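These values consider heavy atoms only, across backbone and side chains, with no hydrogens, waters or symmetry-generated copies. Chain A is the first sequence line, chain B the second, and so forth, proteins listed ahead of strands; every chain is numbered from 1. Quantities reported herein were computed from a predicted structural model and do not represent experimental measurements.
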Amino acid sequence: MRKIVGTITQLKARAKSIVKGLRKAYPGATTALRFSTSFELLIATILSAQCTDERVNKVTRRLFKKYRSPQDYLNVDPHELEQDIRQTGFYRNKTKSIHACCKGLVEEYKGEVPDDMDELVTLGGVGRKTANLVLGCAFNKPAITVDTHVKRVVGRVELSNETNPDKIEFDLQRLLDKKDWTQFSNALILHGRYVCQARCPLCNECVIRAYCPFPNKP
DNA sequence: CTCCCGATAT
DNA sequence: ATATCAGGAG
């Protein structure tokens with residue numbers, strides 16, 4: 001990771017340009033996870049760890065018909081739930097996370113998903129990444145979701161050189177207007193998936209290449 | 001830091 | 001064969 005150069009003012013100006021470029025390229029960007037309630041998005045996001053959205057959607061299509069409330073997940077034998085989500089990988093841990101999360105929802109929040117960061121992260125299996133996605137995409141609150149894509153792209157365009165996702169989130173909060181938070185991270189995730197890919201970034205198709213020092217340019 | 005873990009692209 | 005995919009817990 002290269003050292004970030006420039007004053008905070010210069011950095012903010014560059015961030016603004018990048019936000020503008022991405023907003024134009026990905027208007028109305030939102031999560032690709034299929035959901036109809038905040039609770040469904042919460043479960044889908046827990047399942048999405050180290051797994052593509054497409055495969056999560058394939059699993060939740062069946063899952064959400066079978067399990068409709070936190071209590072439904074608590075009533076079933078964990079081995080059965082493991083098999084129901086097996087295709088998303090890490091199925092033993094994810095089953096434990098879902099169970100802990102639903103237990104927390106039932107016992108502490110009357111079965112309702114809280115729309116508050118501090119409350120969300122008290123739930124088992126829910127960290128800031130999961131909480132931010134739910135806050136931004138289900139509750140329409142300002143939230144910067146720092147996933148593997150955001151982490152990679154932000155490093156390449158040198159808006160943050162932190163490796164810890166929480167620190168990246170706080171760096172971006174400092175650089176961006178609050179109104180841009182949700183749209184920016186959603187757009188950045190799409191950009192990371194389709195253009196600024198991990199293995200072979202398509203720099204010649206990149207709308208923010210003018211602001212990016214990343215070397216692999218044609 | 002390690003571990004969890006299946007599916008897909010390269 | 002290996003890297004990678006919307007991470008979190010211990």
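A donor-acceptor distance shorter than 3.5 angstrom exists from the side chain of A:Gln197 to the backbone of A:Tyr194, with no hydrogens or angles considered. Under a 3.5 Å cut-off, the side chain of A:Lys94 and the backbone N or O of A:Ala49 do form a donor-acceptor pair. Judged by distance alone, the side chain of A:Thr7 and the main-chain N or O of A:Gln10 form a donor-acceptor pair under 3.5 Å. With A:Arg86 contributing its side chain and A:Tyr91 its backbone, the two residues share no donor-acceptor pair below 3.5 Å.
When the P atom is used for both C:dG8 and B:dA7, the distance is 22 Å, rounded to whole Å. A gap of 22 Å separates the P atoms of B:dC4 and C:dA1, to the nearest Å.
DNA chain B lies under 4.0 Å from no heavy atom of any residue of residues 164-179 of chain A. The stretch residues 24-55 of chain A comes close to DNA chain B through A:Gln50, A:Arg55, each having a heavy atom under 4.0 Å from the strand.
No side-chain donor-acceptor contact under 3.5 Å links A:His99 and A:Tyr73. Remark: the A:Asn132 side chain and the A:Thr145 side chain contain no N/O donor-acceptor pair separated by less than 3.5 Å. Using modelled atom types and a 3.5 Å distance limit, the side chains of A:Tyr67 and A:Thr60 yield no donor-acceptor pair.
The distance between atom CZ of A:Arg199 and atom C1' of B:dA9, rounded to the nearest whole Å, is 6 Å. The separation between A:Leu120 atom CG and C:dG7 atom P is 17 Å, rounded to whole Å. Taking atom NZ of residue A:Lys94 and atom P of nucleotide B:dC3, one finds them 18 Å apart after rounding to whole Å. For A:Lys58 and B:dA7, the NZ to C1' distance is 9 Å, given to the nearest whole Å. Going from atom CD1 of A:Ile98 over to atom P of B:dC5 covers 12 Å, rounded to whole Å. Between A:Leu133 atom CG and C:dG7 atom C1' the separation is 12 Å, expressed in whole Å. The NZ atom of A:Lys96 sits 16 Å away from the C1' atom of C:dG7 (whole-angstrom rounding). Here the C1' atom of nucleotide C:dA9 and the CG atom of A:Leu123 are 14 Å apart, to the nearest Å.
For A:Thr88 and B:dG6, the shortest distance from a side-chain N or O to OP1 or OP2 is not below 4.0 Å.
Comparing A:Gly124 and A:Cys137 by the nucleotide of DNA chain C that holds the closest heavy atom to each, the one mapping nearer the 5' end is A:Cys137.
Contact check on A:Arg34 versus A:Glu54 returns no salt bridge, with no Lys/Arg side-chain nitrogen under 4.0 Å from an Asp/Glu carboxylate oxygen. The existence of a salt bridge linking A:Lys16 and A:Asp180 is excluded, since no basic side-chain nitrogen approaches an acidic carboxylate oxygen closer than 4.0 Å. Salt bridge annotation for A:Lys141-A:Asp116: absent, with no cationic side-chain nitrogen under 4.0 angstrom from a carboxylate oxygen.
Nucleic acid contact for A:Val126: sugar-phosphate only, since backbone atoms but no base atoms lie under 4.0 Å from a heavy atom of the residue.
For A:Arg152, the listed nucleotide lying nearest its side chain is C:dC5; candidates were B:dC5, C:dG8, C:dC5.
Under the stacking criterion of a centre-to-centre distance below 5.5 angstrom and an interplanar angle below 30°, A:Phe90 is not stacked against the six-membered ring of B:dC5.
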